[in-house]
Enquirer: 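Right, I'll just put the structure down here and ask away after.
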There are 2 protein chains.
Amino acid sequence: MSSDALATAAGVKPTQLRKDLTYFGQWGTRGLGYNVEGLSRSISEVLGMAKLQPVILVGAGQLGTALLRYNGFTKEGFEVVAAFDSDAERKRPRDIRVPVLPMTQLGDFVRERGVKLAILTVPGSAAQQAANDLIQAGVQAILNFAPAVLHVPERVVVNNVDLAIQLENLAYFVK
Amino acid sequence: MSSDALATAAGVKPTQLRKDLTYFGQWGTRGLGYNVEGLSRSISEVLGMAKLQPVILVGAGQLGTALLRYNGFTKEGFEVVAAFDSDAERKRPRDIRVPVLPMTQLGDFVRERGVKLAILTVPGSAAQQAANDLIQAGVQAILNFAPAVLHVPERVVVNNVDLAIQLENLAYFVK
DNA sequence: ATATGTGAATAGGTTCACAGCC
DNA sequence: GGCTGTGAACCTATTCACATAT
């Protein structure tokens with residue numbers, strides 16, 4: 001398949017796609033294009049997704065439980081292995097399979113299972129403290145849904161997903 | 001308050017904050033800093049958030065209903081006024097106040113209420129069709145949670161929030 | 001003939017350094 | 001003296017143009 005076809009599918013320009021791919025190697029054949037199967041496998045490896053990544057979720061409130069139900073992650077090589085909440089006993093929908101544990105168990109769990117990724121869905125006011133706990137335990141990357149700026153050491157990576165900001169961004173463009 | 005203090009709170013550098021603000025005007029006082037209240041109001045106006053924006057949600061599945069419960073939007077000047085689903089009658093948690101209507105009513109609703117913003121939480125396979133319906137009805141901006149590349153006319157703005165991609169992004173950085 | 005890989009050109013965004021105002 | 005506003009310098013990312021490989 002040509003970079004042109006792949007780019008159309010991905011919603012980018014062909015040159016962009018080629019340039020990006022070459023940062024990690026040469027996976028195409030000149031005059032022919034890319035072998036989709038091989039390319040797909042190579043990308044998975046580069047992205048560190050070859051093996052199933054265990055993920056924990058902190059903050060099993062509205063948004064948190066919604067994400068626990070959502071299984072779009074599994075398909076992409078992630079498995080939410082446990083959730084943590086300051087009120088682990090609160091009644092929650094029974095169709096949630098992931099165990100909800102008290103925050104006190106977070107440290108041991110992360111260390112024992114070697115968890116490196118965490119999803120943070122606590123209220124903004126609790127976010128920094130929760131992040132500290134996660135980092136202390138050894139988590140290396142946080143997907144933060146809380147509306148708060150997290151201050152973390154250099155080695156820890158944070159990705160912010162603020163839904164309100166996303167809407168504000170759009171609101172600016174509508175007339 | 002100084003740009004330095006504001007920048008620390010926002011997690012950016014002071015010069016960045018000042019440069020960004022001046023794209024829309026001069027809101028500070030040299031030697032003094034910014035008036036927080038006035039600045040806040042000005043930004044709201046520039047972003048088009050001065051008045052409550054009605055928003056609709058399309059796709060009341062797991063993620064969709066979770067977002068309906070989430071009220072982080074209201075606080076930022078948005079109100080989800082209705083949800084639409086191909087199966088509007090399906091049983092849903094009763095604590096959801098927003099009416100869930102059938103897709104057939106989407107066009108009329110959008111036109112009557114003058115809705116400009118939509119949140120799209122349908123499965124990837126249904127996303128393009130749903131987007132077409134929205135645009136047809138007059139929606140100008142879409143916050144897309146579906147894992148799909150939407151093809152839309154120039155005048156329509158799309159913001160993609162792909163949770164799996166966010167995690168992949170982080171996975172690349174953990175070792 | 002066709003499509004990749006890539007140096008060069010261009011565009012876009014961030015940081016610096018300091019003039020201007022309080 | 002203190003802090004904003006901003007042109008210039010710098011850095012990063014995208015696009016172009018074409019040499020290179022099948």
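Predicted model, so just to flag it, every value in this text is computed and none were measured.
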Enquirer: At under 4.0 Å, does any side-chain N or O of Thr29(A) touch on OP1 or OP2 of dT4(C)?
Expert: no

Enquirer: Output the rounded distance in Å from CG (Asp20(A)) to C1' (dG5(C)).
Expert: 13 Å

Enquirer: Tell me whether the OP1 or OP2 atom of dT22(D) has a side-chain N or O from Tyr34(A) closer than 4.0 Å.
Expert: no

Enquirer: Please determine if a side-chain N or O atom of Gln16(B) lies less than 4.0 Å away from the OP1 or OP2 oxygen of dG13(C).
Expert: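 Indeed not, no polar side-chain atom of Gln16(B) lies that close.
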
Enquirer: With nearest nucleotide decided by heavy atoms, which residue, Gly31(B) or Lys19(A), maps closer to the 5′ end of DNA chain D?
Expert: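 Upstream on the strand: Gly31(B).
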
Enquirer: Is any side-chain nitrogen or oxygen of Ser3(B) closer than 4.0 Å to OP1 or OP2 of dT4(D)?
Expert: yes

Enquirer: Would a distance-only check, ignoring hydrogens and angles, find a side-chain to backbone donor-acceptor pair under 3.5 Å from Thr29(B) to Tyr34(B)?
Expert: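 No; zero donor-acceptor contacts below 3.5 Å.
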
Enquirer: With Asn132(A) as reference, evaluate Gln128(A), Gln129(A), Gln136(A) under the side chain to side chain donor-acceptor pair (under 3.5 Å) test and give the passing residue.
Expert: Gln128(A)

Enquirer: So which one's nearest nucleotide on DNA chain D is more toward 5', Ser2(B) or Lys13(A)?
Expert: Ser2(B)

Enquirer: In whole angstroms, how far is the P atom of dG5(D) from the CZ atom of Phe24(B)?
Expert: 14 Å

Enquirer: Under 4.0 Å between a side-chain N/O of Arg18(A) and OP1 or OP2 of dT4(C), yes or no?
Expert: yes

Enquirer: With the side chain counted from C-beta on, respond yes when Arg155(A) and Ile135(A) share a heavy-atom pair under 4.5 Å apart, and no when they do not.
Expert: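 Yes - at least one pair of side-chain heavy atoms lies under 4.5 Å apart.
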
Enquirer: Taking atom CZ of Arg97(B) as the centre, report whether more than 12 heavy atoms of other residues, nucleotides or ligands fall under 6.0 Å from it.
Expert: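 Result for CZ/Arg97(B): open.
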
Enquirer: Between dG7(D) atom P and Tyr23(B) atom OH, what is the distance in whole Å?
Expert: 10 Å

Enquirer: Atom CG of Leu21(B) to atom C1' of dC3(D): distance rounded to whole Å?
Expert: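 Taking atom C1' of dC3(D) as the reference, CG of Leu21(B) is at 14 Å.
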
Enquirer: Roughly how many Å is it from CZ in Arg30(B) to P in dC3(D), rounded to a whole number?
Expert: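 To the nearest whole Å, that distance equals 14 Å.
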
Enquirer: Can you tell me the distance, in whole Å, between the CE atom of Met1(B) and the P atom of dT4(D)?
Expert: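 After rounding, the gap between these two atoms is 11 Å.
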
Enquirer: Distance check: side-chain N/O of Gln26(A) vs OP1/OP2 of dT6(C), anything under 4.0 Å?
Expert: yes

Enquirer: How many Å lie between CG on Leu32(B) and C1' on dC3(D), as a whole number?
Expert: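 Rounding to the nearest Å, CG of Leu32(B) and C1' of dC3(D) are 8 Å apart.
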
Enquirer: When the distance from CG of Leu17(A) to P of dA13(D) is rounded to whole Å, what number comes out?
Expert: 17 Å

Enquirer: Counting distance only, does the side-chain N/O of Asn35(A) pair as donor-acceptor with the main-chain N or O of Leu39(A) below 3.5 Å?
Expert: no

